[in-house]
Asks: 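Okay, handing you the structure first.
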Amino acid sequence: MKKYIVTCCILITSILSGNNSWAEEWPKDRPIRIIVPQAAGGTNDIITRIIAIELGKALNQSIVIENKPGASGAIGLQLAANAIPDGYTFAIASDSSAILSATRESLSWRLGRDLIGVALIGDQPIGIAVSSQTPYLTLADLLNAAKSKPGTISYGTSGQGTNQHYIGEWLAKSADFKWTHIPYKGGGQAIIDLTGGTTPAAVLGFAPLLSQQKKGGIRILALTSAQRNPNATNVPTLAELGFKDIIITQWVGVVAPKNLPPAILNKVSKEILLILEKPEIKLKLLDVGLTARPMPASEFEVFLKNSIQRWIELNKILKIPVD
């Protein structure tokens, strides 16, 4: 144990002093871990595993996925933020991570401060959908019904204070209507209640909605992306329907503990970007609803800061309570 502590101290001192010579030998005979702050089997987990297989080949090293769900992703990202920045711990961040950084003052970590951007992987839109058991065929139908009977129509999301919750309330404010938010503990149960007709509407990630629309259980009325999605070209965007400001996507990217040596940061970023250029990888990502958006570390770092600032501004307007 003493030997381990001394080694770690030497390593940290080397990192903080800017001595990156040891990084030239990275990675050695030790697996690299990627922390996914969501449960196994979810969209972010699937995306991570697609990238991790290719990254392991490129680096000639084993990559282990560690799922650490809880507290809207805060638990897993705190583990990553507290890890030694030696190139053996990375994590998956998303727009939910940016919301946490923007709204939860009690957090001990922040994106862009304790966790730095390595590479953006891609994004998917958020969808406004209704059960096929409802009579609403268009977004206008839904909004007119909501306006005629304020508060009687409910919509489900994956939780309180999520991006989906923000979209739901932002749409209501922009279109001047009221509906009732039902926060679920994840999107799975929200989808079940939507397809079963228990909840007439939902604001959820595109991938699970698309799967259920193909089965005929729901209708996606609009998406929050800037352009129509290639997997659902018949579904209009909110921007097309007159809500030009409501353009938000669920993004996914790789982050690392601060003070990661630049040599390692740049190498991993470069390899991820090369992976995302592969046609077969783009297709695999599209299959789970994600459009590849390769972005290197320097650009992703700016993207993170801008994303956090946007959620700060939205929170001032919508004043959504943090769960």
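Counting from 1, the numbers follow the sequence of the chain as shown.
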Asks: Assess whether side chain to side chain contact (heavy atoms under 4.5 Å, CB included) is satisfied between I128 and I220, documenting all intermediate values.
Replies: CA-CA 6 Å; I128 291 85; I220 306 174; over 6 Å; no
Asks: Using 0.5 Å steps for rounding, measure from the CD atom of Q78 to the NZ atom of K68.
Replies: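 If we round to the nearest 0.5 Å, Q78:CD and K68:NZ are 12.5 Å apart.
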Asks: Just say parallel, tilted or perpendicular for the rings of Y166 and W311, cut-offs at 30° and 60°.
Replies: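 Rings of Y166 and W311: perpendicular, as their planes differ by over 60°.
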Asks: Under a 4.5 Å side-chain heavy-atom rule over Ile, Leu, Val, Met, Phe, Trp and Tyr, are I63 and I92 clustered together?
Replies: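 Same cluster: I63 reaches I92 through Ile, Leu, Val, Met, Phe, Trp or Tyr contacts under 4.5 Å.
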Asks: Residues two or more places apart in sequence or in another chain: which of them pass ring pair (Phe, Tyr, Trp, His ring centres under 6.0 Å) with Y136?
Replies: none
Asks: I want to check something: taking the side chain as every heavy atom from C-beta on, are L139 and L238 in contact at a cut-off of under 4.5 Å?
Replies: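 Contact flag for L139/L238 side chains = yes.
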Asks: Donor-acceptor check, side chain of Q61 to backbone of I32, threshold 3.5 angstrom: yes or no?
Replies: no
Asks: Are I167 and L204 connected, step by step, through hydrophobic side chains (Ile, Leu, Val, Met, Phe, Trp, Tyr) whose heavy atoms are closer than 4.5 Å?
Replies: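 Not linked; separate clusters.
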Asks: Kindly indicate whether the side chain of W109, heavy atoms from C-beta on, has any atom under 4.5 Å from the side chain of S101.
Replies: yes
Asks: Yes or no on side chain to side chain contact (heavy atoms under 4.5 Å, CB included) for E66 and I34, after CA distance, side-chain angles and deciding distance?
Replies: CA-CA 6 Å; E66 291 188 9; I34 301 179; over 6 Å; no
Asks: Given side chains that start at C-beta, do those of I51 and I121 come closer than 4.5 Å, heavy atoms only?
Replies: yes
Asks: For the side chain of S131 and the backbone of P200, is there at least one donor-acceptor N/O pair under 3.5 Å apart?
Replies: no
Asks: For F206 and N231, what are the C-alpha separation, side-chain angles and deciding distance, and is it a side chain to side chain contact (heavy atoms under 4.5 Å, CB included)?
Replies: CA-CA 10 Å; F206 174 62; N231 282 332; 4.0 Å; yes
Asks: Regarding E313 and R310, does a basic nitrogen lie under 4.0 Å from an acidic carboxylate oxygen?
Replies: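 No salt bridge links E313 with R310.
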Asks: Might you point out which heavy atoms bring R228 and T233 nearest each other, and give the distance in Å?
Replies: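 That closest heavy-atom pairing would be NH1-O, 2.8 Å.
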Asks: State the CD-CD1 distance between Q227 and I247, to the nearest 0.5 angstrom.
Replies: 8.0 Å
Asks: Where does the angle between the aromatic ring planes of Y155 and H165 fall among parallel (under 30°), tilted (30 to 60°) and perpendicular (over 60°)?
Replies: tilted
Asks: Is any side-chain heavy atom of T180 closer than 4.5 Å to one of I153?
Replies: no
Asks: Where do A207 and T43 come nearest, in terms of heavy atoms and distance?
Replies: CB-OG1, 4.4 Å
Asks: Quick one: do I65 and D45 satisfy side chain to side chain contact (heavy atoms under 4.5 Å, CB included)? Show the steps, please.
Replies: CA-CA 8 Å; I65 308 298; D45 178 65; 3.9 Å; yes
Asks: Keeping the roles fixed (side chain from S269, backbone from A297), state whether a donor-acceptor pair exists under 3.5 Å.
Replies: yes
Asks: Heavy-atom distance under 4.5 Å between the side chains of I264 and D86, does that happen here?
Replies: no
Asks: With rounding to the nearest 0.5 angstrom, report the CG to CH2 distance, L171 to W179.
Replies: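 One gets 5.5 Å once the value is rounded to the nearest 0.5 Å.
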Asks: Atom CG of N144 and atom NZ of K149: how far apart are they, to the nearest 0.5 Å?
Replies: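 Between N144 CG and K149 NZ, I get 13.5 Å after rounding to 0.5 Å.
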Asks: Heavy atoms only: give me the nearest L241-P236 pair and the separation to one decimal.
Replies: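 Answer, listing the atom of L241 first, then P236: CD1-CG, 4.0 Å.
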Asks: Between V252 and I47, which heavy-atom pair has the shortest distance, and what is it?
Replies: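 Between these two residues, the closest heavy atoms are CG2-CD1, 4.2 Å.
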Asks: According to a hydrophobic-cluster definition based on side-chain heavy atoms being under 4.5 Å apart (Ile, Leu, Val, Met, Phe, Trp, Tyr only), do F303 and I312 belong together?
Replies: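 Yes, because F303 and I312 connect within a single hydrophobic cluster, where side-chain heavy atoms sit under 4.5 Å apart.
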Asks: Is there a side-chain contact between I182 and D193 (heavy atoms, below 4.5 Å)?
Replies: no
Asks: Distance-only, no hydrogens or angles: does the T48 side chain make a donor-acceptor pair with backbone N or O of N44 under 3.5 Å?
Replies: yes
Asks: Any side-chain donor paired with an acceptor under 3.5 Å for T157 and H181?
Replies: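 Yes, because at least one side-chain N or O of T157 sits under 3.5 Å from a partner of the opposite role on H181.
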Asks: Measure the CG-NZ distance between L210 and K215 for me, rounded to the nearest 0.5 Å.
Replies: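 Nearest 0.5 Å value for the CG-NZ distance: 11.0 Å.
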Asks: Considering all heavy atoms of both residues, which atom of D245 and which atom of W170 are nearest to each other, and what is their separation?
Replies: O-CH2, 3.1 Å
Asks: In Å, rounded to the nearest 0.5 Å, how long is the span from CG of D123 to CG of L290?
Replies: 6.5 Å
Asks: Tell me if a side-chain donor or acceptor on D141 pairs with a main-chain N or O of T138 at a distance below 3.5 Å.
Replies: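 Judged by distance alone, yes, a pair lies under 3.5 Å.
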Asks: Are M295 and V255 grouped together when hydrophobic residues (ILVMFWY) are joined by side-chain heavy atoms under 4.5 angstrom apart?
Replies: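 M295 and V255: one cluster.
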Asks: Tell me, do L115 and K258 make a side-chain contact under 4.5 Å, heavy atoms counted?
Replies: no
Asks: Would you say that T162 contacts S72 through its side chain, given a criterion of any heavy-atom pair below 4.5 Å between the two side chains?
Replies: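 No, too far: nothing below the 4.5 Å cut-off.
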Asks: Hey, quick one: are F300 and I99 part of the same hydrophobic cluster, counting side-chain heavy atoms closer than 4.5 Å, chains of contacts allowed?
Replies: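 No, no single cluster joins them.
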Asks: Which atom pair, heavy atoms only, marks the closest approach of Q133 to T195?
Replies: NE2-O, 3.5 Å
Asks: Taking the six-membered ring of Y88, is NZ or CZ of R30 closer than 6.0 Å to its centre and within 45° of its axis?
Replies: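 Yes - R30 lies over the ring of Y88, closer than 6.0 Å to its centre and within 45° of its axis.
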